[in-house]
Amino acid sequence: MARAAAKSHVLTDSSDRAANLRVAAVFAEIADLLEVEGENPFRIRAYRNAAHELGALGRDLAAMLAAGDDLTELPGVGDDLAGKIGEIVDTGSCAMLDDLHRVWPATIHDVMGVPGVGPKRARTLFEQLGVRTLAGLQAAAQQQKIRELTGFGATSERNILDALAGLLGTGRRLPLAEARVHGERLLTRLRAAPGVIEAVIAGSYRRALATVGDLDFLVTARSHNGAIAALVGAPDVAHVLAEGPTRATVVLRSGLQVDLRVVGRDSFGAALHYFTGSKAHNIAVRRLGVARGLKINEYGVFRDERRVAGRTEASVFAAVGLQFIPPELRENRGEIAAAAAGELPQPIEARQLRGDLVLVAAGDEPGAVVAAAAAAARARGLEYLLIVHAVPGRSRAAIDWDARTRAAADACAEHELAPLQGLELDIAQKTCPEVHVDFVAARLSHAPRAASHPALLRIVAGAREADAARDPTPLVQAAVGGALAVIGDPAHLPELEPQLRAARVAGVPVVLGSGGEPGGGQASRLDLAVSQARRAWLEAEAVLNSRPLAEVREHLAPRRQARRRS
DNA sequence: GCCGTTTTCGGCCCGACTGTTTTCAGTCG
């Protein structure tokens, strides 16, 4: 079929992990359809686990197969799934999925995705009303056919219509910086609610994932009702999806879903751990608990009926023999083994930074840009600024670089900050203006061919699409001997973590910077950069601007010094 | 369908809330 042809085309691209993603997609769809069939839940989970593991796998399945590797070594993959992986990589599909498609339409997945409609109801809708698509679902609801079905009613029907109209959780993921605005506002409201002792945001927000799907609030309180009422009654709540004595779920007008859980003080640590996730991390920790005869849930750690830990997160980790794991590391990507061995990294903290990095575009007035950035830097106790002057690609007008660097230096001095100044060229540019600067930087918008390394390298937006969609390693390699500059730009946050991870693996130091956005926001941009560095397991030692100015100056100094460290 | 410091069989996380029920199934996180 046409479908198969399209798939094989995808798989001929062996330079990336297309095969992994294809296999993960097939397994995920099989899991969905088995769920509709009402299969054994553990069998379904096996497919779902495998889909999750393979989607995040660092190695190329097609290459592993070609090399004759044993796929059952992979987590969640046994003899059966190993065989199916081979089948999918070879043919693009899998007989089992084809069989399922003879019974269930592929689009039933969309119906299942409607909030309030799961696999069982999707099956009922399909079998009783012939609903195969979202359009069909909407038509059935509008004709009031759904309320006639057993297990449904007028309320369910209305909820389905609301969901289809996009009124209920949109599923859109919000950039971290944007979620922070909503989060902080609600946090203030919850903390002021009667009876509330403590309120925090857990979930992927706390793990500093670049985008978050919802906000998870956790509250300890003397009385439950205060916090629940405060959330449900918040001014920008569009819909209340659930409201009980210990939890509530609402959708804000922005489409952001917000969950609130209220727990007792003795359960706070266990609940915080539980609701911070990630899911994969939690399952792995619980598995450790089971091996020690412990049951771990959001209320605590229990041996038989007796609570043995749970007041703090640290007590939960300690109960299963782990060091405290910072939230940004909780992705089940090796942090549990590291914590068990006492070998966790100590991720960089914002307070360890001594300097910020400011970008001055060719059209900017350097004095004004640097003055704004310097004031913000001074306010957070920084000591110096790395000032990067962009050199335009081709410009006929002579630019007075001495005047520009002098203006920047003066602006720094006014705020009692030390400046370190450099020129930034596109990596393809051959000539550099004749002016004394402390370092030379390169902006990299495509894979580098140039042999001469700049001291500081910055991957600009767009490079990711062009050359590093899946692996920024080749870009980062260009910074060996120098450093990689990473700006906490909210719009490009998802690109940062892979870049930072690649830098760590390559042993390339990084500079974390705000970029110096005029009009404020430096502080949060710097914090965003730090949060992604933490997710990438970077320690202070790997962050150049956590070191004293003299060391940064020496590290970035052009040519000779840079070459000394091979 | 996977997995094993107790296991090659018998486990696999589980509690809260809703809507439809008359004791609970389905969904969600």
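Below, chain A is the first sequence line, B the second, and so on; all start at residue 1.
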State whether Gln257(A) places a side-chain N or O below 4.0 Å from either non-bridging phosphate oxygen (OP1 or OP2) of dG29(B).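 Checking Gln257(A) against dG29(B): at least one side-chain N or O falls below 4.0 Å of OP1 or OP2.
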Could you check how far [atom1] of [X] sits from [atom2] of [N], rounded to whole Å?
| X | N | atom1 | atom2 | value |
| --- | --- | --- | --- | --- |
| Leu125(A) | dG26(B) | CG | P | 13 Å |
| Phe42(A) | dC3(B) | CZ | C1' | 13 Å |
| Glu53(A) | dG1(B) | CD | C1' | 14 Å |
| Ile160(A) | dG26(B) | CD1 | C1' | 12 Å |
| Arg48(A) | dC2(B) | CZ | C1' | 16 Å |
| Arg123(A) | dT27(B) | CZ | C1' | 17 Å |
| Lys279(A) | dC28(B) | NZ | C1' | 9 Å |
| Lys120(A) | dC24(B) | NZ | P | 17 Å |

Taking the basic N atoms (NZ, or NE/NH1/NH2) and the acidic carboxylate oxygens, is any pair closer than 4.0 Å for Asp80(A) and Lys84(A)?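 Here Asp80(A) pairs with Lys84(A) in a salt bridge, since their nearest N and O are under 4.0 Å apart.
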Any carboxylate oxygen within less than 4.0 angstrom of a Lys/Arg side-chain nitrogen, looking at Arg501(A) and Glu331(A)? no
Quick one: label [X] by what it contacts on the DNA or RNA (base, sugar-phosphate, nothing), any heavy atom closer than 4.0 Å.
| X | answer |
| --- | --- |
| Val240(A) | nothing |
| Asp214(A) | nothing |
| Val77(A) | sugar-phosphate |
| Pro41(A) | nothing |

Identify the nucleotide, in any strand shown, that forms a Watson-Crick or G-U wobble pair with dC14(B), with both distances under 3.5 Å; if there is none, say none. dG29(B)
Candidate pair Arg121(A) and Ser156(A), rule side-chain contact (heavy atoms from CB on, under 4.5 Å), full reasoning: CA-CA 11 Å; Arg121(A) 292 182 142 194; Ser156(A) 304; 3.5 Å; yes
The salt bridge (charged side-chain N to carboxylate O under 4.0 Å, His left out) partners of Arg306(A) (sequence neighbours excluded) come to none
How far does the [atom1] atom of [N] sit from the matching atom of [M], given to the nearest Å?
| N | M | atom1 | answer |
| --- | --- | --- | --- |
| dC12(B) | dT5(B) | P | 16 Å |
| dT21(B) | dT27(B) | C1' | 16 Å |
| dT22(B) | dC28(B) | P | 23 Å |
| dT23(B) | dG29(B) | C1' | 25 Å |
| dT6(B) | dG1(B) | P | 28 Å |
| dG4(B) | dT8(B) | P | 13 Å |
| dC14(B) | dC9(B) | P | 24 Å |

How does protein reach along nucleotides 14-21 of chain B, written 5' to 3' as B (base within reach of a heavy atom under 4.0 Å), S (only sugar-phosphate), or - (no contact)? SBSSSSS-
Report the residue (Asn40(A) or Phe275(A)) whose heavy-atom-nearest nucleotide on DNA chain B is the more 5′ of the two. Asn40(A)
5'-most contact on DNA chain B (nearest-nucleotide basis), Met112(A) vs Arg43(A), goes to Arg43(A)
Got a sec: does the [atom1] of [X] have more than 12 other heavy atoms crowding it under 6.0 Å?
| X | atom1 | answer |
| --- | --- | --- |
| Arg287(A) | CZ | no |
| Asp79(A) | CG | no |
| Arg48(A) | CZ | yes |

NZ or CZ of Arg330(A) within 45° of Tyr274(A) ring axis and under 6.0 Å: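 Cation-pi check for Arg330(A) and Tyr274(A): fails.
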